[in-house]
Amino acid sequence: RDTALAGDLHVLFVDFDDLVHLRTVDNDGVLDRCLQPAFNGRVAGARNDIDMILVGELQDFGDLLGAYSTNYSTKASERTVNVTVATTKFNGLTIYPGQEISALEIMRPVTTEGGYRKAPTYTSSGVEDETGGGICQVATTLYNALLKAEIEVTYRKNHSRTPTYVPLSQDAMVYSAGNSDFRFRNNLDHPIYIESFVDNSTNPGKTEFRIYGVEYRPSNRKVEYKAELISYSIPGEGASPYEYYQLKSDSSLTPFGEV
């Protein structure tokens, strides 16, 4: 809306409605690549002709809607690299109202060229070393942060084996080779912003996701999730029994995708 020049620094002042409109006509994606909204007076860096973006009407965009963290052993160095690479890819991501995000697309390319290494991965035949082993923990951590924020999950699959880093039924699987994805949609009236980071300075390490936006829920609202056993079966002679869990919630505001 307005521009100013301070030395060699270009500053663009926009409001939220203008920002949304600009995105609708930005067919080349230039705006998305250079814009990172500011929170509570903090200014995010940008590229191209604009060095800083100040979004005036996003000043209340700093409410923490949900957060979650999981731990892993930093002694598993290859897996630690994968968790770190995948986690940092989400940091600074802004999702606009109605926009759907594919976690797998954000993580890609899940290749050695993309910074990933071979580490243990659940497969149909057991546990094998594959490029990107450990990225499911990142998707799982994001999934639980979104549950806390009550953001719509549009697609999710669980693992064939129970991971140890979250309670039963709270995992989300992604598998690049099989295109198994985790997807979610911003079902709110305002954008949401993801802050994600790792801490590998101690063992166990930690990956954490925080979802920011405009708080819309009553201050006395409390969200809890619990796993309920809905069926039990034994696959066959000599095989380990599998227990199938479905995540249930007493919250009518949380829509669930495939479980």
Side-chain angles (χ1 to χ4, degrees), residues 32-33 36 44 65-95 99-123 127-149 151 153-167 169-186 192-212 257-258:
D32 276 349
R33 290 196 298 272
Q36 293 181 0
L65 303 180
Y68 200 83
S69 65
T70 59
N71 296 110
Y72 51 88
S73 172
T74 53
K75 293 182 179 180
S77 59
E78 306 298 296
R79 190 178 187 280
T80 297
V81 168
N82 294 338
V83 171
T84 302
V85 171
T87 298
T88 54
K89 283 180 176 286
F90 290 90
N91 190 45
L93 183 64
T94 302
I95 302 101
Q99 184 178 3
E100 186 179 35
I101 294 296
S102 159
L104 191 54
E105 286 302 315
I106 299 296
M107 295 176 177
R108 280 176 168 159
V110 186
T111 61
T112 53
E113 292 79 10
Y116 294 98
R117 300 180 182 179
K118 285 192 173 184
T121 302
Y122 287 152
T123 68
V127 179
E128 301 177 6
D129 280 353
E130 291 194 0
T131 303
I135 63 174
C136 288
Q137 181 166 354
V138 176
T140 293
T141 309
L142 169 61
Y143 170 51
N144 282 272
L146 292 167
L147 289 180
K148 297 285 188 181
I151 301 300
V153 173
T154 56
Y155 188 81
R156 165 194 166 261
K157 282 189 173 181
N158 59 285
H159 290 82
S160 59
R161 293 167 176 79
T162 303
T164 59
Y165 42 79
V166 284
S169 79
Q170 290 183 219
D171 60 309
M173 181 184 72
V174 289
Y175 186 50
S176 181
N179 287 318
S180 185
D181 203 357
F182 168 66
R183 297 193 296 269
F184 62 96
R185 185 182 73 88
N186 180 2
I192 57 175
Y193 175 89
I194 295 178
E195 180 184 19
S196 58
F197 56 91
V198 298
D199 181 1
N200 295 325
S201 61
T202 60
N203 190 40
K206 178 180 74 171
T207 174
E208 182 168 341
F209 279 78
R210 298 174 182 175
I211 313 298
Y212 292 93
E258 179 178 333

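Shown here are the side chain to side chain contact (heavy atoms under 4.5 Å, CB included) partners of Pro120, two or more places apart in sequence or in another chain: Val127, Asp129. For Asn203, the side-chain hydrogen bond (donor to acceptor under 3.5 Å, both in side chains) partners at least two apart in sequence or on another chain are Thr74. Scored by the ring pair (Phe, Tyr, Trp, His ring centres under 6.0 Å) test, Tyr175 finds no partners at all (sequence neighbours excluded). Residues satisfying the side-chain hydrogen bond (donor to acceptor under 3.5 Å, both in side chains) criterion with Ser201, sequence neighbours excluded, are Asp199. By the side-chain hydrogen bond (donor to acceptor under 3.5 Å, both in side chains) test, Tyr116 pairs with no residue at all, sequence neighbours left out. Listed by chain and residue number, Thr111 satisfy the side chain to side chain contact (heavy atoms under 4.5 Å, CB included) test with Pro109 (two or more places apart in sequence, or in another chain). Every residue two or more places apart in sequence or in another chain that forms a side chain to side chain contact (heavy atoms under 4.5 Å, CB included) with Lys148 is listed here: Tyr68. Considering only residues two or more places apart in sequence or on other chains, Arg117 meets the side chain to side chain contact (heavy atoms under 4.5 Å, CB included) condition with Glu78, Val81, Asn82. Judged as a side-chain hydrogen bond (donor to acceptor under 3.5 Å, both in side chains), and not counting sequence neighbours, the contacts of Ser102 are Asp181. Not counting sequence neighbours, the partners of Lys206 by the salt bridge (charged side-chain N to carboxylate O under 4.0 Å, His left out) test are Glu208. Under the rule for a ring pair (Phe, Tyr, Trp, His ring centres under 6.0 Å), the partners of Phe90 that lie at least two apart in sequence or sit in another chain are Phe209.
Residue pairs meeting the salt bridge (Lys or Arg N to Asp or Glu O under 4.0 Å) criterion with at least one partner in residues 105-115, sequence neighbours excluded, are Glu105-Arg108.
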